[in-house]
Amino acid sequence: MTEKMELKSVEVWDGNLAAAHSLRQAQVDVVSAYPITPSTPIVENYAKFLANGYVEGEYMMVESEHAAMSGCIGASAAGGRVATATSSQGFALMVETLYQASGMRLPIVLHVVNRAMAAPLNVNGDHSDMYLGRDSGWIQLDSFRQQEAYDLGLMAFKIGEDHGVRLPVMVHQDGFISSHTAQNIFPLSDEVAYSFLGDHQPFNAMLDFEKPATYGAQTEENWHFEHKAQQHHDLMTKVFSKVEEVFAEYEKISGRKYRIVEDFMMEDAEVAIIAMGTTVNSARLAAKIIREKEGIKAGVVGIRLLRPFPFEQIKEVLKDVKAIGTLDRSSPNGTVGMLHNEISGVVIENEKVPAMKNYIYGLGGRDITIQMLQDIFKELDVSAKAGKRVGPIQKFINVRGPELSFLGK
Amino acid sequence: MEKRGWDDFDPGVILFSFEKDKKVTDIATTEPENRPYSQSNSFSSDQASGWRVEKPIFKQDLCIDCQFCWIYCPDMSIISRDKKMVGVDYDHCKGCGICVEVCPTNPKSLLMFVEAKEEAEALAEWPEKKKEEK
């Protein structure tokens, strides 16, 4: 019998501790982990909760992130509720096994505390690791602050474990800005959180000895395509409705409303910033200020669900916008940013195609200030008023040296 | 295997050992040929036997039923019943020769022959007992 933890209605937790409590309350059976900065305290705290009797489970210390995810795959295929956490280089080492996990349709929850990719070696936050995972067949949920890392951490199990979905889920939060900064967190009680999720219901579990199964079989040109087609089909058609259903159910027990596309002041917006992570909050503040100061009709679109990509939802939100700035916190290394490509692919389907600008910012934890975000809104306003894009397509924000911009000059 | 569409699979690239509606509760006492193996189980598939260049042939009257070949075969291709050697499962044997290597009789009760060799022909040219060299 596990110990219940008495929580106050408001706790002061950083994003890592918030995520760790979501693993505890979900009563995760197996955490197989190789801790890495800045995600270390998530698995460390799970291990502590386990040692102190607050979880009935297993903590597997392995020799690498590749082994960490491999352990998760085995435990999940065996029929357990499984989670782990990683960042950056560790995430990169996991990549091969990420595809295994999603191809085998194992509902593992992976907390990714976003951090830059070396070289140069860097422990601070950017979205390079998140972008690296976007073709891996996982569901990717993004939190903009600490409370959301906790909430999405719980909801991730309910979404991924659903027998109609059966896909692994990443929960992203920004390294240090979210993971190591304490905020007021409003947790659910242990009972409410667990009854929201319910017991894990295994599906074709390997440890069902009466019905033995082989996971991850080899298929060549004869069957590989059919399996990949099925996975893509399920991502495209089954996930959105499930996510919405879980968001609605969670709102009932928490009072907190989540949406697949978190639009802010977009009802009458002429210019919009598209962003992810903690920058969404900064951009919201900048939009409020610039509306008051300059009368610019600014709005913000935060991407809550990166994969599957909410094409239709974003199309609807952006149908009347005149200029869009896509903010990519990852070096695209030779093209426009991922968000720029994705959003451009959406807006050409709308009747009114807006001017598109791409801002690369915040690499390796470089700050983006409210002033910089206001400046972006001002630049977008110039394009909106001109009725076409003014200036280059891509621009680097807050990098030392002469202005760095590319394409469409 | 019958041709199926992308929407006909259980998610997860899962192959079931047994036919879907059949459960096996006493697997240890059920002989392999009596188990309801599915079409996708390796028991039902003999694709890998095509790898073989040489095959082991069994000469029963020399065998002492020591079961070494049965224990060492990496593919469970030695058929044994009630601890008596019965023969080789050519659907799954890949011709590695381990059974021949571990056979302790003199001459050996299992020997490797080229794949095309007829069994009767092989048995007719079986070598004589070798004298142990001192």
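First the proteins, then the strands, lettered A, B, ... as listed; each starts at 1. From a predicted model like this one, the values you see are computed outputs, not experimental measurements.
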How about [X]: does its [atom1] atom have over 12 heavy atoms from other parts shown lying under 6.0 Å from it?
| X | atom1 | answer |
| --- | --- | --- |
| Glu31(B) | CD | yes |
| Asp21(B) | CG | yes |
| Lys84(B) | NZ | no |
| Glu101(B) | CD | no |
| Tyr37(B) | OH | yes |
| His224(A) | NE2 | no |
| Tyr34(A) | OH | no |
| Glu128(B) | CD | no |

**Asked** Taking every heavy-atom pair that is under 4.5 Å apart, which of Ala77(A), Pro212(A), Gly216(A) has the most such pairs with chain B?
**Response**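 Ranked by contacts with chain B, first place is Pro212(A).
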**Residue, of Met104(A), His227(A), Lys228(A), that accumulates the most heavy atom pairs under 4.5 Å with chain B** =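 Ranked by contacts with chain B, first place is His227(A).
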**Request:** Quick one: pull up CD in Glu226(A) and CZ in Arg4(B) and give me the separation to the nearest 0.5 Å.
**Result:**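 Atom-to-atom, Glu226(A):CD and Arg4(B):CZ are 10.5 Å apart.
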**Request:** To the nearest 0.5 angstrom, please state how far the CG atom of Asn204(A) sits from the CZ atom of Phe16(B).
**Result:**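 Asn204(A) atom CG to Phe16(B) atom CZ measures 3.5 Å (nearest 0.5 Å).
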**Atom of Ala213(A), atom of Ile14(B) and distance for their closest heavy-atom approach** =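 Looking at all heavy atoms of both residues, the shortest contact is CB-CG2, 3.6 Å.
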**Asked** Taking all non-hydrogen atoms of both residues, which atom of Leu15(B) and which atom of Ala217(A) are closest, and how far apart?
**Response**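 Closest pair (atom of Leu15(B), atom of Ala217(A), distance): CD1-CB, 3.4 Å.
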**Message:** In this structure, is the centre-to-centre distance between the rings of Trp6(B) and His233(A) below 6.0 Å?
**Reply:**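 They qualify: ring centres under 6.0 Å apart.
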**Request:** Measure centre to centre between the rings of Trp223(A) and Phe9(B), then say whether the value is under 6.0 Å.
**Result:**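 Centroid distance Trp223(A)-Phe9(B): below 6.0 Å, so yes.
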**Prompt:** Which region of Phe203(A), side chain (C-beta onward) or backbone (N, CA, C, O), has a non-hydrogen atom less than 4.5 Å from a non-hydrogen atom of chain B, or is it both or neither?
**Reply:**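 Phe203(A) touches chain B through side-chain heavy atoms alone.
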**Contacting region of Asp10(B) [heavy-atom separation from chain A under 4.5 Å]** =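 Asp10(B) touches chain A through backbone and side-chain heavy atoms alike.
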**Request:** For the residue pair Pro11(B) and Gln230(A), establish whether any side-chain heavy-atom pair is separated by less than 4.5 Å.
**Result:**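 They are in side-chain contact.
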